[in-house]
Trainee: 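Got a structure for you, questions after.
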Amino acid sequence: MVAIIRTAPKEEDHLKSLWRQRDDASMPHWVTTQYQEHWKGSHVTLIITGAERGAPQVTYVAKAGKLRGPGDDLKRRIEATKPYRLLSPVPWADLEALVPQLSRRYLLRDGALPDAAGRHLLKALSQRASDVIPHLQTLGAGDRPSPALTPAARLLMDERDATLTSVRMADFDVDELVSWDQPYEDDDVPFIARLQTRNGPSHEDDLIAHDAQRFRDWLGPQDWLNRAAWTGFSQGEQRLCIYNANRKAAEETLGVDLIYYHESRDCFVMIQYKRMSKGRASEWRYYPNSDSNLADQLERMRAIDDECEKLTREVDDYRLSSKPSWIKLCQGDSLMSDARSLAPGMYLAREHFDQLHSRSQTPGNPRSFSRKTVDRYLDNTEFTDLVAGGWIGTTGFGTKGVKRQLELSLSGSREVIFAAVTGSSPSKRERMQRRRERGTDRHS
């Protein structure tokens, strides 16, 4: 069933600060009160803001139901969980106009709607805000099938995450990313080509275009790049170029490598994506013994790490870890509609992963990686902040080494998201000031 909650101005302000996605994909619940005669059971709930200002709009969609505990004679406590914030709030008048006349009378009050009115309202919302469709499905509503079981959709999800990770590692403003076009069917269009940015593509910027061509040459001859796309951003004196390159079709691609190169810091980081699957009790797990490609990939990563270790010098910038290879164990079985939220997951340094892998092969230890079996890992915020601050990544690993790694990843049937940052690197004080000015919360 479907329900409606209209918020007061103070509630709107509270929700704006409360509902910020955490790195483990959990969200704080919100408790409010509603007239008990209109609440029975649990409902997909449209949360309306701006009603008291005369400009009502649907801003959030959540699951809401009765909460145990005292209310009063007329109202009972309602708990809202699993919220999603629409990329662009939808004016309530637009939805009312799409709902048949006989059902509109039920839209005048808060609470649960009759089944038919609820179906009409969700259909109208899906027409006006397509980004909400995947979330409606996770809440048990909506008819669109999830494409995430196909190889192309899995690849697209990892492309999306690698692109967003690049933006955050460079400490650029993620609000530059507005939305992206999700596929209804499998196709061969990379994430970058689907991305909508706040100011449109930056290809017209001469400096970015110059960097793009220079780094584009690193990817090799154009005739063997079946899929290639790029986008660029500028921020102060820095420029960020992100490329999507792959030789293979999705069915033949073994996974995604994110190769991140910070020119002024002479820093190189590589993240290899591995997908977790949902097992019993909805717990996300990765089973290394079921991954036939793992042994060869770890051998390649060890060789990279060893080579980089030989090139370090005492005069180089200090690093907590100067080896480039990391693994991200990603969770998620459907495409995320938000263009700015990273997929939840665990970042493990290759050496740490090796240690955990060896331990998992001994009797009595868990055979899978999950948040219950891995005590220590970096989440999205911790990892991207460490890279942005220059605390992890290589030193003294020049352009020839990065080019070589690009060649190895592509020749090994890996999809490559390559991000290169040029220009003077700001200090931590400057980075924090920039975040304050744009109101960034890195824990979102």
Side-chain angles (χ1 to χ4, degrees), residues 21 25 82 84 87 126 129-167 177-196 225-231 242-258 271-279 282-287 290-294 297 327-346 380 409-410 412-418:
Q21 185 170 345
K82 298 181 180 179
Y84 172 74
L87 295 180
S126 299
S130 61
D131 61 286
V132 79
I133 294 174
H135 190 68
L136 290 176
Q137 187 183 13
T138 66
L139 298 181
D143 299 323
R144 179 181 169 187
S146 171
L149 296 179
T150 67
R154 288 194 182 99
L155 199 61
L156 185 61
M157 188 171 182
D158 288 345
E159 291 173 8
R160 172 193 172 281
D161 194 80
T163 301
L164 300 181
T165 300
S166 301
V167 174
L177 314 180
V178 178
S179 62
W180 68 291
D181 299 324
Q182 293 192 70
Y184 280 84
E185 299 178 357
D186 286 351
D187 56 38
D188 211 27
V189 180
F191 173 76
I192 290 174
R194 304 173 185 272
L195 187 61
Q196 309 294 317
L225 284 171
N226 292 330
R227 299 203 306 156
W230 75 275
T231 190
I242 308 176
Y243 305 78
N244 195 141
N246 189 10
R247 288 184 181 184
K248 305 284 185 178
E251 291 76 10
E252 303 172 47
T253 302
L254 300 180
V256 171
D257 284 347
L258 167 56
I271 305 168
Q272 188 163 119
Y273 281 78
K274 294 290 185 182
R275 301 205 64 75
M276 295 191 285
S277 57
K278 187 179 289 187
S282 299
E283 184 181 3
W284 291 96
R285 293 177 177 270
Y286 169 71
Y287 295 88
S290 300
D291 189 344
S292 60
N293 302 310
L294 180 62
Q297 291 164 355
I327 292 173
K328 181 177 182 181
L329 304 179
C330 287
Q331 71 181 60
D333 56 358
S334 62
L335 292 173
M336 298 175 67
S337 55
D338 188 351
R340 296 180 290 270
S341 297
L342 290 172
M346 303 188 292
N380 287 318
S409 292
L410 288 166
S413 298
R414 305 285 299 178
E415 174 124 344
V416 170
I417 305 297
F418 173 52

Trainee: Quick one: OG1 on Thr163 to CD1 on Ile192, what's the gap to the nearest 0.5 Å?
Mentor: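 Answer for the OG1-CD1 pair, Thr163 versus Ile192, is 4.5 Å.
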
Trainee: Shortest non-hydrogen contact from Asp161 to Ala343?
Mentor: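 In this case the closest contact between Asp161 and Ala343 is OD1-N, 2.7 Å.
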
Trainee: Using side chain to side chain donor-acceptor pair (under 3.5 Å) as the criterion, list what pairs up with Thr253, not counting sequence neighbours.
Mentor: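 Counting only residues at least two positions away or on another chain, Thr253 forms a side chain to side chain donor-acceptor pair (under 3.5 Å) with Asn246.
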
Trainee: Please tell me if the side chains of Ser277 and Tyr287 come closer than 4.5 Å, counting only heavy atoms from C-beta onward.
Mentor: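 Yes, side chains in contact.
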
Trainee: Can you check whether Pro190's main-chain N or O pairs, donor with acceptor, with Asn244's side chain at less than 3.5 Å?
Mentor: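 It does not hold such a pair.
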
Trainee: What is the distance from atom CD of Glu415 to atom OG of Ser409, rounded to the nearest 0.5 Å?
Mentor: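 The CD atom of Glu415 sits 11.0 Å away from the OG atom of Ser409.
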
Trainee: In the structure I gave you, are the side-chain heavy atoms of Tyr273 and Thr165 within less than 4.5 Å of one another anywhere?
Mentor: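 SC-SC contact between Tyr273 and Thr165 confirmed.
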
Trainee: What are the two closest non-hydrogen atoms of Leu258 and Ala162, and how far apart are they?
Mentor: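 Here Leu258 and Ala162 meet closest at CD2-O, 3.7 Å.
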
Trainee: Hey, does the side chain of Asp257 reach the backbone of Arg414 with a donor-acceptor pair shorter than 3.5 angstrom?
Mentor: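 Flag not set: sc Asp257 to bb Arg414 has no pair under 3.5 Å.
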
Trainee: So does Gly345 get a backbone contact from the side chain of Asn380, meaning a donor-acceptor N/O pair under 3.5 Å?
Mentor: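 No, because the side chain of Asn380 does not come within donor-acceptor range (under 3.5 Å) of the backbone of Gly345.
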
Trainee: Are the side chains of Leu294 and Tyr286 in contact, using a 4.5 Å heavy-atom criterion?
Mentor: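 With C-beta onward as the side chain, the pair touches.
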
Trainee: Which distance, rounded to the nearest 0.5 Å, do you find between the CG of Leu329 and the NZ of Lys274?
Mentor: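 Reported to 0.5 Å precision, the distance equals 9.5 Å.
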
Trainee: Just how far is it from atom CG of Leu164 to atom CZ of Phe191, taken to the nearest 0.5 Å?
Mentor: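 Those atoms lie 5.0 Å apart.
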
Trainee: Excluding sequence neighbours, so at least two apart, what forms side chain to side chain donor-acceptor pair (under 3.5 Å) with Asp158?
Mentor: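 Arg275.
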
Trainee: How close do Ser166 and Ile242 get, heavy atom to heavy atom, and via which atoms?
Mentor: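 Smallest heavy-atom distance, with atoms named: CB-CD1, 4.0 Å.
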
Trainee: Taking the side chain as everything from C-beta on, heavy atoms only, tell me whether Leu156 gets closer than 4.5 Å to Glu159.
Mentor: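 They are in contact (side-chain heavy atoms under 4.5 Å apart), so the answer is yes.
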
Trainee: Report the residues that fulfil side chain to side chain donor-acceptor pair (under 3.5 Å) with Asn293, sequence neighbours left out, ordered by chain and then residue number.
Mentor: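 Result, side chain to side chain donor-acceptor pair (under 3.5 Å) vs Asn293: none returned.
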
Trainee: Any side-chain to backbone donor/acceptor pair from Gln331 onto Trp284? Under 3.5 Å, distance only.
Mentor: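 Checking the backbone N and O of Trp284 against the side chain of Gln331, no donor-acceptor pair under 3.5 Å is found.
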
